[in-house]
There are 2 protein chains.
Amino acid sequence: MDTPEGPPPERLRMLPSRLANHAAMTANRIVDRALAQAGVRRYHYALLAALEEYGPASQAALGRRIGIDRSDMVATVNELAERHVVERAPDPEDRRRNIVTITAEGRSLLTDLDRLIAAAQDEFLAPLPAADRRHLIDLLTRLAEHRD
Amino acid sequence: MDTPEGPPPERLRMLPSRLANHAAMTANRIVDRALAQAGVRRYHYALLAALEEYGPASQAALGRRIGIDRSDMVATVNELAERHVVERAPDPEDRRRNIVTITAEGRSLLTDLDRLIAAAQDEFLAPLPAADRRHLIDLLTRLAEHRD
DNA sequence: CAAAGAACGTTGGTATGGCCAACGTTGGCG
DNA sequence: CGCCAACGTTGGCCATACCAACGTTCTTTG
């Protein structure tokens, strides 16, 4: 994109929806760059985190848990399996399912990713002092919860 | 996407970057639905708002102003010109440029869009009491400003 | 003043993310 | 048994965001 030429219109600048988008885009840029240091994308982190927290599960169950489509889950598991951070095995009790399991190597990777993610969050919130960071998180959390 | 099956992993749920994304996605859904009532998308609103605020300008200048690529601007102006809410005319003083001007009909549409957008913002922030809305806007604004 | 470079609008293409449809396989249930 | 649902997989679609190239027109500079 070209370099900006003056500020965006006043009408747009102050819109809460625009502010939320700006924050999200900033956060995504920072988080994606952090995860890229470990060669993964957001889907990979989400999948590893879900496996660590809830244990082995089928692809479909994992997808519902973290909001990934079944079709996209195939590629995500493929990529993680190639790196030997997860294992995909048919479920003997239900041969429709693949049980996905995190490996020791996967847990090690997840530890690294946790650190990268934490640093990214700090970078994202860096412009705000600690008290305001907490307040922002609280407000966004309430916004999210009162929606569902 | 399938219906969720339990909450997302704890690691993810509380991440500021995730909260910002959730807020932005909610806001986009609400705003897009509101604008769709008038048959426009966000690009159209941004372009009309820029024209109203800064007056006629070339496509490239408008694009730099609101962050739209030159190539995407072509389609955006096409669509608005078909609805007769903007006019595209060659610049007599620089025949490389097209000068885009908002029409009376365009100003009328923009007034409607302003109302729709305002209602969408209210809906977006509805879960929060007024004081918290102001606080959230303030925090997000500071986050955006201290970045640039 | 001529030549080189930059800006413009336009076309066409690429990459990405999210989503949907269809299929064969397998399991649940009447 | 017969039907329907869930699963994994493939393949595709659509929207957004970019980028590259081109011919035209202006600007700069040698």
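Quick note on labels: first sequence line is chain A, next is B, and so on, each numbered from 1. Please read all numbers here as calculations on a predicted model, not as lab measurements.
- No side-chain donor-acceptor contact under 3.5 Å links A/R97 and A/Q59.
- The phosphate of D/dA6 (OP1 or OP2) has no side-chain N or O of A/Q59 nearer than 4.0 angstrom.
- In terms of position on DNA chain C, the residue among A/R96 and A/Y43 whose nearest nucleotide sits closer to the 5' end is A/Y43.
- The separation between A/I99 atom CD1 and D/dC7 atom P is 11 Å, rounded to whole Å.
- Electrostatic pairing of B/E145 and B/R142 does not count as a salt bridge here, judged by no charged N lying under 4.0 Å from a carboxylate O.
- Remark: C1' of D/dT9 and CG of A/N78 are 10 Å apart, rounded to the nearest angstrom.
- The side chain of B/D69 lies closest to D/dC19, out of D/dC19, D/dG8, D/dT9.
- Using a cutoff of 4.0 Å between basic side-chain nitrogens and carboxylate oxygens, B/R65 and B/E53 are not scored as salt-bridged.
- Between B/R70 and the phosphate of D/dA17, there is no side-chain N or O to OP1/OP2 separation shorter than 4.0 Å.
- Ion pairing between A/R41 and A/D32 fails under the 4.0 Å rule for side-chain N and carboxylate O.
- For C/dC19, its base sits under 3.5 Å from the side chain of A/D72 at one donor and acceptor pair at least.
- Put simply, CG on B/N98 is 12 Å from C1' on D/dT25, counting in whole angstrom units.
- Put simply, B/R95 has a side-chain N or O that comes within less than 4.0 Å of OP1 or OP2 on D/dC26.
- Note on A/N28: every side-chain N or O is 4.0 Å or more away from OP1 and OP2 of C/dG17.
- Residue B/S71 is in base contact, counting any heavy-atom pair closer than 4.0 Å across all strands shown.
- Protein atom CG of B/L62 is 15 Å distant from nucleotide atom C1' of C/dA7, rounded to whole Å.
- Summarising the geometry, the separation between CE on A/M73 and P on C/dC20 is reported as 16 Å, rounded to the nearest angstrom.
- Here D/dC7 presents its P atom at 15 Å from CD of A/E93, a figure rounded to the nearest Å.
- If you check every strand for non-hydrogen atoms under 4.0 Å, A/R42 touches nothing.
- Look at CD1 on B/I68: it is 13 Å from P on C/dG9, rounded to the nearest Å.
- By the neighbour-count criterion of 12 heavy atoms within 6.0 Å, atom CD of B/E87 is sparsely surrounded, having that number or fewer from other residues, nucleotides or ligands.
- D/dC18 atom P lies 16 Å from atom CZ of B/R64, rounded to whole Å.
- Here B/R41 lies in heavy-atom contact (under 4.0 Å) with sugar-phosphate atoms only.
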